[in-house]
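Chain letters run A, B, ... following the sequence lines, proteins first and then strands; every chain starts at 1. Just so it is clear, the structure is predicted and the values come from calculations on it, not from any experiment.
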Amino acid sequence: MTDLARLFDALLKAYGPRNWWPAQTPFEMMVGAVLTQNTSWKNVEKAIANFGDRLTPAFIAEALPEEIACIIRPSGYYNQKAIKLKALTAWYQRYGCDIGKARQANGEQLRGELLAVKGIGPETADAILLYALYKPFFVVDAYTRRILHRLGYEVPQAYESVRGMFEANLPRDVYLYNEFHALLVEHAKRHCQKQPACGRCPLEAVCLERNLKEW
DNA sequence: TTCCTGACTT
DNA sequence: AAGTCTGGAA
């Protein structure tokens with residue numbers, strides 16, 4: 001059993017299954033992945049709610065960027081994200097906006113297509129691959145890096161290297177990656193914020209940053 | 001004033 | 001490497 005597998009077990013024991021991603025439909029999941037770029041989830045929820053019954057590929061494909069920008073205003077970067085949502089939707093139309101059809105495609109091919117979409121980088125692509133398309137790519141975000149760093153890991157700069165760390169040391173399993181990333185987010189929000197709240201941290205026994213303070 | 005599950009351009 | 005995009009909550 002690897003260190004990362006032990007970390008997963010500790011987080012799962014501490015927080016329980018997260019049952020991610022918080023969305024009603026796969027398309028809503030993909031939209032949320034774009035809207036949450038460098039943005040708090042609270043603000044994304046407001047933007048999602050503003051869509052009402054318009055959170056569909058048909059609406060986004062037809063609407064002007066200005067109209068979408070108005071709807072998603074609370075999520076920030078609304079002009080850029082409006083364009084990103086239209087680009088994402090254009091990609092989805094290649095599969096007839098049919099998630100079942102998209103899931104039949106090869107994971108590596110889908111990843112290449114998503115990375116080619118303007119405004120979708122590696123983190124957003126992997127989130128969509130994992131949580132909407134059920135492809136086993138580990139999602140690396142700022143929380144992942146911060147937690148690993150504080151635990152004492154050497155965290156590479158390159159996104160793909162960090163992803164490789166996880167995928168090389170864990171079984172390539174969609175459910176495992178789903179829960180692991182969700183648990184890292186939960187841990188970052190509850191304890192491992194930028195200004196860490198180490199009181200009653202479930203990882204305190206194994207956390208290097210905590211131990212350094214004790215020294 | 002800082003921070004938020006980034007990605008792109010210069 | 002640094003600058004840009006942005007509102008909202010703490």
Between [Y] and [X], is there a salt bridge with N-O shorter than 4.0 Å?
X: A:Lys42; Y: A:Glu45; answer: no
X: A:Arg111; Y: A:Glu160; answer: yes
X: A:Glu167; Y: A:Arg172; answer: yes
X: A:Asp9; Y: A:Arg6; answer: no

As a test of reading the structure: which of [options] is closest to the side chain of [X], going by heavy atoms?
X: A:Lys84; options: B:dA7, B:dC3, C:dG8; answer: B:dA7
X: A:Ser40; options: B:dG6, C:dG7, B:dC3; answer: C:dG7
X: A:Lys194; options: B:dC3, C:dG8, B:dA7; answer: B:dC3
X: A:Lys46; options: C:dG8, B:dC4, B:dG6; answer: C:dG8
X: A:Thr39; options: C:dG7, B:dT9, B:dG6; answer: C:dG7

Just to be sure I understand the geometry, which residues of residues 172-192 of chain A put a non-hydrogen atom under 4.0 Å away from DNA chain B? A:His181, A:Val185, A:Lys189
At under 4.0 Å between heavy atoms, what does [X] touch on the DNA or RNA strands: base, sugar-phosphate, or nothing?
X: A:Arg146; value: sugar-phosphate
X: A:Gly76; value: base
X: A:Val140; value: nothing

Interatomic distance, [X] [atom1] vs [N] [atom2] [rounded to whole Å]:
X: A:Leu35; N: B:dG6; atom1: CG; atom2: C1'; answer: 12 Å
X: A:Leu114; N: B:dC8; atom1: CG; atom2: P; answer: 12 Å
X: A:Gln193; N: B:dC3; atom1: CD; atom2: P; answer: 12 Å
X: A:Tyr77; N: C:dC5; atom1: OH; atom2: P; answer: 10 Å
X: A:Leu115; N: B:dA7; atom1: CG; atom2: C1'; answer: 11 Å
X: A:Leu88; N: B:dA7; atom1: CG; atom2: P; answer: 13 Å
X: A:Ile83; N: B:dT9; atom1: CD1; atom2: P; answer: 11 Å
X: A:Ile120; N: B:dC8; atom1: CD1; atom2: C1'; answer: 13 Å

Qualifying residue, where the test is ring-ring contact (aromatic ring centres under 6.0 Å, His included) with A:Phe138 and the options are A:Tyr159, A:Phe166, A:Tyr131, A:Phe8: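 Per the ring-ring contact (aromatic ring centres under 6.0 Å, His included) rule, the option paired with A:Phe138 is A:Phe166, out of A:Tyr159, A:Phe166, A:Tyr131, A:Phe8.
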Rounding to the closest angstrom, what is the interatomic distance between B:dC4 and C:dA1 at atom C1'?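 Their C1' atoms lie roughly 23 Å apart.
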Using the P atom on both, measure C:dG8 against B:dA7 and round to a whole Å.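 Straight-line distance between the two P atoms is 23 Å.
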If we count only N and O atoms by modelled type, under 3.5 Å, do the side chains of A:Thr39 and A:Lys81 hold a donor and an acceptor together? yes
Within the supplied structure, the quantity of interest is the number of heavy atoms (other residues, nucleotides, ligands) at a distance under 6.0 Å from A:Gln193 CD; does it exceed 12?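 Yes, CD of A:Gln193 has more than 12 neighbouring heavy atoms, counting only those of other groups under 6.0 Å.
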Would one find a side-chain N or O of [X] under 4.0 angstrom from OP1 or OP2 of [N]?
X: A:Thr124; N: B:dA7; result: yes
X: A:Tyr78; N: C:dC5; result: no
X: A:Lys42; N: C:dG7; result: no
X: A:Asn79; N: C:dT6; result: yes
X: A:Asn38; N: B:dG6; result: yes

Okay, side chain of A:Tyr92, backbone of A:Ile99: is any donor-acceptor separation there less than 3.5 Å? yes
